[in-house]
Amino acid sequence: MPKLPLDFYQNHDTLTLAQLLLGCELVHESADEGTTAGIIVETEAYLIDDPACHAYRRQTPRNSAMFGPAGTLYVYQIYNHYNCINIVAGPEGVGEAVLIRALEPTEGLELMGIRRNEAFKTGFARYRNNTIDPTTADGERNLANGPGKLTIALGISRSEHNFSSLTTGAISIRGPVLHDFDMVTTTRIGLTHGADLPYRFYVKGNSYISKK
DNA sequence: TATCCGATCACCT
DNA sequence: GGTGATCGGATAT
């Protein structure tokens, strides 16, 4: 399946892109560690006139990647611990993006498990004895079924990948690889502002989404 | 420079 | 369904 071209990101508005990205495959080809990938099964859109959007007020050093061209990555740190990954959308100079919330793992599951387990060891002290076994159904389901987990599983970090281009960098999107699925639209997860907006989309019946 | 608070995760009840 | 871990970045003073 070919890498999505630049005009795929440029030619659709942010809400449409959030829906079109469902069923596409997010891929990290790491020269050092190997390739990991998963099908995007859950997204959220963040628009410029939306109080939940990081760019709602104005451009700042933290959110400046959101104002770049469509097809750029915006990686930010949440609760000063986890990274979350966004696909920048909309015209250059307009801070809009699509948050990737969950992946169905397709490639490099063993490496994903190694990264998750390494993160447990170096993360919160209370979770240091946790382990995840990607060869079990439950372990596989838990590899990347949340925005903080999927960046660990794919080895995505703010320092390395914020501002990265999806068309020329190590991280790209292929697709779509999933066809003929039903989509569900709901409100977004974990927000205090803009909580009523129906900007969350997921693949109906998929067991890898972050919440029911 | 001081205060406020979060686009999460995993454990607990 | 509730909650702690844990601190950088945005905003106010």
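In what follows, every chain begins at residue 1, and chains take the letters A, B, ... in the order their sequences are listed. Keep in mind it's a predicted model, so treat the numbers as computed, not measured. Because only heavy atoms are used, hydrogens play no part in the values below, and waters and symmetry mates are left out as well, while side chains stay in.
When atom types are taken as modelled, the side chain of A:S165 and the backbone of A:T72 share no donor-acceptor pair closer than 3.5 angstrom. Remark: side-chain polar atoms of A:T122 are paired, donor with acceptor, to backbone N or O of A:E118 under 3.5 angstrom.
For the pair A:Y208/A:P105, a side-chain contact is recorded, criterion being any heavy-atom separation below 4.5 Å from C-beta on. Side-chain contact check for A:H12 versus A:L20: some heavy-atom pair is nearer than 4.5 Å.
A single hydrophobic cluster is not seen to contain both A:F163 and A:L166; linkage of ILVMFWY side chains at heavy-atom distances under 4.5 Å, directly or through other members, places them apart. A:I78 and A:I189 are assigned to two separate hydrophobic clusters, defined by single-linkage of ILVMFWY side chains at heavy-atom distances under 4.5 Å. A:F201 and A:L197 fall within a single hydrophobic cluster, where Ile, Leu, Val, Met, Phe, Trp and Tyr side chains are chained together by heavy-atom contacts under 4.5 Å. In the hydrophobic clustering of ILVMFWY residues, with side-chain heavy atoms under 4.5 Å counting as a link, A:V98 and A:V27 come out apart.
Between the NE2 atom of A:H193 and the C1' atom of C:dA10 there is a distance of 12 Å, rounded to whole Å. Spacing between atom NE2 of A:H54 and atom C1' of C:dT11 amounts to 15 Å, rounded to whole angstrom units.
OP1 or OP2 of C:dT11 has not a single side-chain nitrogen or oxygen of A:R62 nearer than 4.0 Å.
The shortest non-hydrogen separation linking A:G194 to A:R188 is O-NH2, 3.1 Å.
Nearest-nucleotide assignment on DNA chain C puts the 5′-proximal partner with A:A125, out of A:P61 and A:A125. For A:A52 and A:Y127, each mapped to the nucleotide of DNA chain B holding its nearest heavy atom, the one lying further toward the 5' end belongs to A:A52.
A heavy-atom distance below 4.0 Å to DNA chain B is reached by these residues of residues 135-154 of chain A, ordered by number: A:G146, A:P147, A:G148, A:K149. Contacts between residues 94-109 of chain A and DNA chain B, defined by a heavy-atom separation under 4.0 Å, are made by A:L99, A:R101. Residues from residues 74-92 of chain A placing a heavy atom under 4.0 Å of any atom in DNA chain B, listed by number, are A:Y76, A:I78, A:Y79, A:Y82, A:N86.
In summary, contact between chain A and DNA chain B, defined as any nucleotide atom under 4.0 Å from a heavy atom of the protein, begins and ends at B:dG6 to B:dC11 in the 5' to 3' direction.
At a cut-off of 3.5 Å, with distance as the only test, a side-chain donor of A:S210 or A:R101 sits close to an acceptor on the other residue. A:N117 and A:K121 share no side-chain donor-acceptor pair at under 3.5 Å. For the 3.5 Å distance criterion, the side chains of A:Q19 and A:T16 fail to qualify, holding no donor opposite an acceptor.
Taking atom C1' in both C:dG8 and B:dA10, the straight-line distance is 23 Å, to the nearest Å. With both ends at atom C1', the span from B:dC5 to C:dT3 equals 16 Å, rounded to whole Å.
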Let me see the working for A:R158 and A:R62 under side-chain contact (heavy atoms from CB on, under 4.5 Å), right down to the final yes or no. CA-CA 10 Å; A:R158 178 172 139 105; A:R62 177 205 191 197; 4.2 Å; yes
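DNA chain B forms stems at B:1-6 with C:7-12, B:8-12 with C:1-5, each a run of 3 or more consecutive Watson-Crick or G-U wobble pairs whose two key distances fall under 3.5 Å.
Residue A:F120 is in sugar-phosphate contact alone, with no base atom involved, counting any heavy-atom pair closer than 4.0 Å across all strands shown. Residue A:R126 is classed as a base contact, given a heavy-atom separation below 4.0 Å to a base.
The distance between the ring centers of A:F124 and A:H81 falls below 6.0 angstrom.
Every residue two or more places apart in sequence or in another chain that forms a side-chain contact (heavy atoms from CB on, under 4.5 Å) with A:T36 is listed here: A:H28, A:L111, A:M112, A:R115, A:L154.
Under the 30°/60° scheme for interplanar angles, the aromatic rings of A:H54 and A:Y76 are found to stand perpendicular.
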